[in-house]
Each structure stands twice: as C-alpha cells, then as structure tokens.
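What follows is a short report on a single structure.
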Amino acid sequence: MDKVVESAAAAVADIPDGATLSVGGFGLCGIPSVLIEAVLEAGTTDLEAVSNNCGVDDWGLGRLLMAKRLRRMVASYVGENKEFARQYLSGELEVELTPQGTLAERMRAGGSGIPAFFTATGVGTQVAEGGLPWKYDTAGDVQVASPPKQTQVFTSQDGDREYVLEHAIVADYGLVRAWKGDRHGNLIYRDSARNFNPLAAMCGRMTIAEVEELVEPGELNPNDVHTPGVYVQRVVALTAEQAADKRIEKRTVS
C-alpha cells in the first residue's frame, strides 16, 4: 500500500520510448514539473503527450519539446509556445487539436471505462467532418489530416440535434502534481491546480504523482480527496525547494 518511491528519477525510469503520457496542468499552473524534468534527464524519446497545452518554450512540457522528445501532442491550446508552432509547421511534430471540454471528457471517459461518447461540440466543423491538419511535411503540405467522425441525431428537450462521436483517451503513464498526498496515493489539489490533474490521473494506466506535502494515511479527510489512491500507483515527495519552484506563464504589471 505504500506507493512512495525514493525519487522522481526512479518513478519514471521504466517509461519506454514511444509511450503516451497524460500530463496534468493548465498553462503552468499545477504542472508536474519535477516529473517532466526527470523524463527529460532519462533521455526518453518519441513520446506522445496528452495535455491541455505544451507549457512554454523553457518550462513544463516545453522542456521535452525543445529537446525534440515529443513525437505527437494532443492538446486544446498551444498559443504560448513558439517552438511548438515552429515544429508543427515544419513537419517535426504531429498535433491533434481538440476542443477543451471534449479533451477533458475524453480523458475522464478513459479513466471511467467508457470507450466513446457523443457530444454536440464540433458538429458542422472540421472537428467532425475531418481535414484538420495533424502533420505537415517539410514542404508545408498536409501529410496527415484528421479523419471524419461518426455523427448521429438524437432527440433532446430542444428537439432533434446532431452529435459527433469522440473516443476516450487512455495513456500509458499519467503525470500529475498535487498539493497534498498520502502514502496510499490519495491526492488533494489546491485551487486552480485542480484543472486537468484529476483527469490525467484517471486516464493513466500507471499514474505517478508528485506531491508538495506528503502525509501519513488517515491524515487526509476523505471528503477532501480529489483523486482516490486507486488511480495512483507511485508517489514522489517533493523537497521544499521543488515545491516552491512555480513559474508564472505571463506576468502583467502596471
């Protein structure tokens, strides 16, 4: 039951080349920066990352991107990373852009054992009809485009409406960051860091959590737990310095 491992390096040591990672965080808020750095130092490559965004050029998933360790990215927003745009447009990176709520539900569904679901989001657009450029070649031509998706009409309280089928996401490994966690893997996120972290934890087959404060089993109020330990296989306790190292994505001053 004690899921604590001695270091981030040990926690990610068995992640193989080509693995799919579900990564928590929104912008730079709540990102598992220590685990990301450990993956970078391990030299793991050819990775597919599923996350709301890809960090910035020098922090978060942007660290893996700059080292060209990412083969494919599934995300909903990528506007803060210039290197991301460069790699995507030059054919070095495959990108599956997904509506934000749809991405969140695909991850939640993966962790809930639901293989697919219908949503109205994207109907009548290239999200449903296909043709979104996933990967360019070096000449700037579309090499891989999104396929058309199944649609179906359902009767709702507002009448007949068309919906599009979206498939769940299950990742090989989930990487998340929590404010508090116990040795059994029960996690609590603080404020807006409770963004994509619960979803990334759910949809990972092997979920690794870095926690800012490690407590003993029984110290967390069960009513306060956001991610139950059943979803978490490994826990890494951060040092005070690691816990305090939080970057600001965009600073605005008067």
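Just so it is clear, the model here is predicted, and its values are computed rather than measured.
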Any side-chain heavy-atom pair of [X] and [Y] under 4.5 Å:
X	Y	result
Trp59	Met66	no
Phe118	Val164	no
Val39	Ile36	no
Leu61	Phe84	no
Val123	Thr125	no
Leu103	Ile169	yes
Leu97	Leu132	no
Leu187	Val176	yes

With no hydrogens and no angle check, is any side-chain donor or acceptor of [X] less than 3.5 Å from a backbone partner on [Y]?
X	Y	answer
Glu41	Ala38	no
Asp182	His184	yes
Ser112	Arg108	yes
Tyr173	Asp14	yes
Arg71	Glu48	no
Asn195	Ser192	yes
Thr207	Ala201	yes
Glu210	Leu35	yes
Arg161	Phe154	no
Ser51	Cys54	no

Starting from [Y], can I reach [X] by hopping between I/L/V/M/F/W/Y residues whose side chains sit under 4.5 Å apart?
X	Y	result
Val225	Val230	no
Met202	Ile114	no
Tyr77	Met73	no
Ile15	Val236	yes
Val144	Leu47	no

Going by atom types only, do [X] and [Y] share a side-chain donor-acceptor pair under 3.5 Å?
X	Y	value
Tyr189	Thr227	yes
Glu162	Thr151	yes
Thr44	Asp17	no
Asp160	Thr155	yes

For this session: Decide yes or no on side chain to side chain contact (heavy atoms under 4.5 Å, CB included) for Gln150 and Tyr163, but give the supporting numbers first.
Result: CA-CA 9 Å; Gln150 176 185 338; Tyr163 294 80; over 6 Å; no

Distance check, rounded to the nearest 0.5 Å: [X] atom [atom1] versus [Y] atom [atom2]?
X	Y	atom1	atom2	answer
Thr98	Met107	OG1	CE	10.5 Å
Asn81	Asp57	CG	CG	4.5 Å
His226	Asn186	NE2	CG	12.0 Å
Asn197	Arg190	CG	CZ	14.5 Å
Leu238	Leu214	CG	CG	9.5 Å
Lys3	Ile208	NZ	CD1	12.5 Å

Non-hydrogen atoms of [X] and [Y] that approach each other most closely:
X	Y	answer
Gly110	Ala168	N-CB, 3.6 Å
Pro99	Ser76	C-CB, 4.2 Å
Val4	Asp2	N-OD1, 3.1 Å
Leu199	Ala104	CD1-CB, 3.5 Å
Tyr136	Pro133	OH-CG, 3.3 Å
Arg63	Leu40	NH2-CD2, 3.4 Å

Problem set entry | Derivation and outcome, side chain to side chain contact (heavy atoms under 4.5 Å, CB included), residues Asn221 and Glu219 | CA-CA 6 Å; Asn221 184 333; Glu219 291 188 37; over 6 Å; no

Extract all donor-acceptor atom pairs below 3.5 Å that involve side chains of residues 18-34 and protein atoms in other chains or at least two apart in sequence.
{"residue": "Ser22", "atom": "OG", "partner": "Ala200", "partner atom": "O", "Å": "2.9"}
{"residue": "Ser33", "atom": "OG", "partner": "Arg177", "partner atom": "NH1", "Å": "3.2"}

Thinking salt bridges, do [X] and [Y] make one under a 4.0 Å N-O criterion?
X	Y	result
Glu212	Lys180	no
Asp46	Lys68	no
Glu96	Arg106	yes

Problem set entry | Arg86, CZ: over 12 other non-hydrogen atoms inside 6.0 angstrom |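 Counting other residues, nucleotides and ligands, CZ of Arg86 exceeds 12 neighbours.
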
Exercise. Heavy-atom count around Arg194 CZ within 6.0 Å, excluding the residue itself: above 12?
Worked result: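 Open: at most 12 neighbouring heavy atoms sit under 6.0 Å from CZ of Arg194.
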
For this session: Start with the C-alpha gap between Glu105 and Thr119, add the side-chain angles, then the distance that decides, and say whether side chain to side chain contact (heavy atoms under 4.5 Å, CB included) holds.
Result: CA-CA 10 Å; Glu105 182 62 11; Thr119 176; over 6 Å; no

For this session: Show your working on salt bridge (charged side-chain N to carboxylate O under 4.0 Å, His left out) between Glu94 and Arg72 and close with a plain yes or no.
Result: CA-CA 5 Å; Glu94 184 173 326; Arg72 192 173 194 271; 2.6 Å; yes

For this session: Please step through side chain to side chain contact (heavy atoms under 4.5 Å, CB included) for the pair Lys135 and Tyr88, ending with a clear verdict.
Result: CA-CA 7 Å; Lys135 193 173 192 299; Tyr88 173 47; over 6 Å; no

